[in-house]
Chemist: 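The structure that follows is given in the form of structure tokens.
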There are 2 protein chains.
Amino acid sequence: MNASPRRKELTRQAAQLFVQEGFDRTTVRMLAQEMGIKSGSLFHHFRDKQEILAAVIEEGTQNALVIAHRALEKCDNSPGARFHAMARAHLETLHADRNAHVVALYEWRRLDVEARDHLSHLRDAYEALWQQVIDEALEAGLIHGDRFLVARFVMGALNWTVRWYDPQGPRTPDELADELLAMIRHGSA
Amino acid sequence: MNASPRRKELTRQAAQLFVQEGFDRTTVRMLAQEMGIKSGSLFHHFRDKQEILAAVIEEGTQNALVIAHRALEKCDNSPGARFHAMARAHLETLHADRNAHVVALYEWRRLDVEARDHLSHLRDAYEALWQQVIDEALEAGLIHGDRFLVARFVMGALNWTVRWYDPQGPRTPDELADELLAMIRHGSA
DNA sequence: GTACTAACCAAGCAAGCGCTAGTGTAACCG
DNA sequence: CGGTTACACTAGCGCTTGCTTGGTTAGTAC
């Protein structure tokens with residue numbers, strides 16, 4: 001709804017706490033303290049606690065969508081390059097916007113029905129982009145398998161990285177994308 | 001600790017609720033009602049609410065470990081067959097013991113330090129089994145890549161199935177394991 | 001100066017929370 | 001028979017929760 005800069009900053013801080021504590025264990029008093037205001041003032045910016053969660057997830061998903069589109073525009077037109085660009089963009093977003101994505105993955109079920117309905121459209125758009133890239137790779141013979149299953153296996157492998165991937169570590173998102181593609185590629189298209 | 005059959009049944013019912021509502025939103029009163037007793041009586045079987053969570057996760061992980069071992073004993077000795085058996089066992093456990101595993105994946109962070117410490121040993125044992133099977137497949141040239149990354153990508157792809165896989169649907173765990181292996185296999189060992 | 005608004009605060013309400021204390025009862029053991 | 005154990009109950013304590021209310025302050029508009 002509202003997109004004031006103040007609200008965006010508050011949303012970013014909320015994401016941090018949601019990751020640390022989980023949504024249910026994060027109290028409005030904790031949120032307020034992190035934001036440097038009192039708990040009552042919080043409800044001037046958000047209707048209720050759930051709306052903060054929805055704002056966090058919306059931010060993250062929208063960013064991921066934008067970054068993925070941009071990556072696809074910039075890269076080569078070959079199916080391999082496009083797959084690689086998507087995987088790399090996915091991992092980079094997971095790094096840059098980590099808090100929001102962890103929240104999206106772990107706290108999705110805490111959203112009320114309306115918010116979930118609204119946000120699932122965003123998520124569907126993102127997954128459709130992936131499905132398209134994977135279809136191209138399948139058609140070119142770069143990878144093999146059922147289009148539905150391959151898409152889900154790949155997204156699973158990538159999303160699981162939030163559990164173990166350390167962006168400070170020795171491996172860059174680019175290298176990780178290389179390895180993933182190498183693992184599943186059959187042809188050399 | 002205790003492993004009375006009564007406690008096991010209560011644990012199973014708790015898992016159901018934890019999946020539906022999430023750990024934090026499941027109150028001891030809800031748990032008691034589901035179990036057909038009053039909330040006070042619950043603390044005769046479990047020291048506190050956290051211990052119920054730990055019991056749920058322990059059950060599920062222990063089962064997974066047993067089933068995986070059994071599957072490896074029964075199958076052929078080829079790396080491909082062993083990989084397939086592990087993947088299939090993983091998916092079957094996820095089906096048979098779904099509640100416990102969903103809880104383990106989503107509510108791990110709600111465990112207190114001691115429980116987490118105890119249970120992570122169980123989980124490590126399970127993951128070590130996977131690492132071994134994957135190492136064999138790599139050595140045989142069946143699949144390619146970094147052993148560490150391949151293991152994590154594969155486990156990610158499999159664990160992600162709790163989000164979309166419907167055991168009532170047309171695909172069996174066996175077929176899914178086939179597809180996963182087909183997707184990543186290079187050689188024909 | 002007056003009017004309006006965005007941002008915040010102090011105080012607290014009603015409800016719900018995990019958990020405890022003390023008691024009752026039926027089943028088994030010597 | 002008395003004693004112990006397993007399991008359940010009633011009642012409620014002390015605390016925290018999300019959220020509301022009514023009011024204050026600073027900045028901007030005309």
Chemist: Taking A:Glu73 first and then A:Arg70, would you say they form a salt bridge - that is, a charged N and a carboxylate O separated by under 4.0 Å?
Modeler: no
Chemist: For residues B:Thr93 and B:His101, determine if any side-chain heavy atom of one lies less than 4.5 Å from a side-chain heavy atom of the other.
Modeler: yes
Chemist: Where each residue is assigned the nucleotide of DNA chain D containing its nearest heavy atom, which of A:Gly40 and B:Leu10 is assigned the position nearer the 5′ end?
Modeler: B:Leu10
Chemist: Side-chain contact, heavy-atom cut-off 4.5 Å: B:Val56 with B:Phe18?
Modeler: yes
Chemist: Over how many whole Å does the gap from B:Met30 atom CE to C:dC17 atom P extend?
Modeler: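 It works out to 8 Å between those atoms.
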Chemist: Could you tell me the separation between the NE2 atom of A:His45 and the C1' atom of C:dA6, rounded to a whole number of Å?
Modeler: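 Going from A:His45 (NE2) to C:dA6 (C1'), I get 9 Å.
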Chemist: Once you round it to whole Å, what is the distance between C1' of D:dC19 and CD1 of A:Ile37?
Modeler: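 My rounded result for the distance is 14 Å.
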Chemist: When the distance from CZ of B:Arg29 to C1' of C:dT20 is rounded to whole Å, what number comes out?
Modeler: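 In whole Å, C:dT20 C1' lies 12 Å from B:Arg29 CZ.
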Chemist: Should B:Ser41 be listed as having a side-chain N or O under 4.0 Å from OP1 or OP2 of D:dC9?
Modeler: yes
Chemist: Tell me, do A:Phe83 and A:Glu136 make a side-chain contact under 4.5 Å, heavy atoms counted?
Modeler: no
Chemist: Go through it in stages, so that I can follow the logic: the residues are B:Leu142 and B:His186, the test is side-chain contact (heavy atoms from CB on, under 4.5 Å), and I'd like the CA-CA distance, side-chain angles, deciding distance and then a yes or no.
Modeler: CA-CA 6 Å; B:Leu142 181 67; B:His186 283 72; over 6 Å; no
Chemist: Taking Watson-Crick (N1-N3 plus N6-O4 or O6-N4) and G-U wobble (N1-O2, O6-N3), each under 3.5 Å, can you produce the dot-bracket string of DNA chain D? Use [ ] for crossing pairs and | for inter-strand ones.
Modeler: .|||||||||||||||||||||||||||||
Chemist: To the nearest angstrom, how far is A:Phe46 atom CZ from C:dA7 atom P?
Modeler: 11 Å
Chemist: Taking the six-membered ring of B:Phe23, is the NZ or CZ of B:Lys49 close enough (under 6.0 Å from the centre) and on axis enough (within 45°)?
Modeler: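 Satisfied, under 6.0 Å and within 45°.
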Chemist: Just how far, in rounded Å, is C1' of D:dC7 from CZ of B:Arg6?
Modeler: 9 Å
Chemist: Nearest whole Å is fine: how far is C:dG18 C1' from B:Glu51 CD?
Modeler: 14 Å
Chemist: Ignoring the backbone of A:Thr27, work out which of C:dC19, D:dC19, D:dT17 is nearest its side chain.
Modeler: D:dT17
Chemist: Take the protein atom NE2 of B:His44 and the nucleotide atom C1' of D:dA6, then report the distance between them rounded to whole Å.
Modeler: 5 Å
Chemist: Mark yes or no for whether B:Asp146, through its side chain, and B:Leu149, through its backbone, hold a donor-acceptor pair below 3.5 Å.
Modeler: yes
Chemist: Indicate whether OP1 or OP2 belonging to D:dA8 is found under 4.0 Å from a side-chain N or O atom of B:Lys38.
Modeler: no
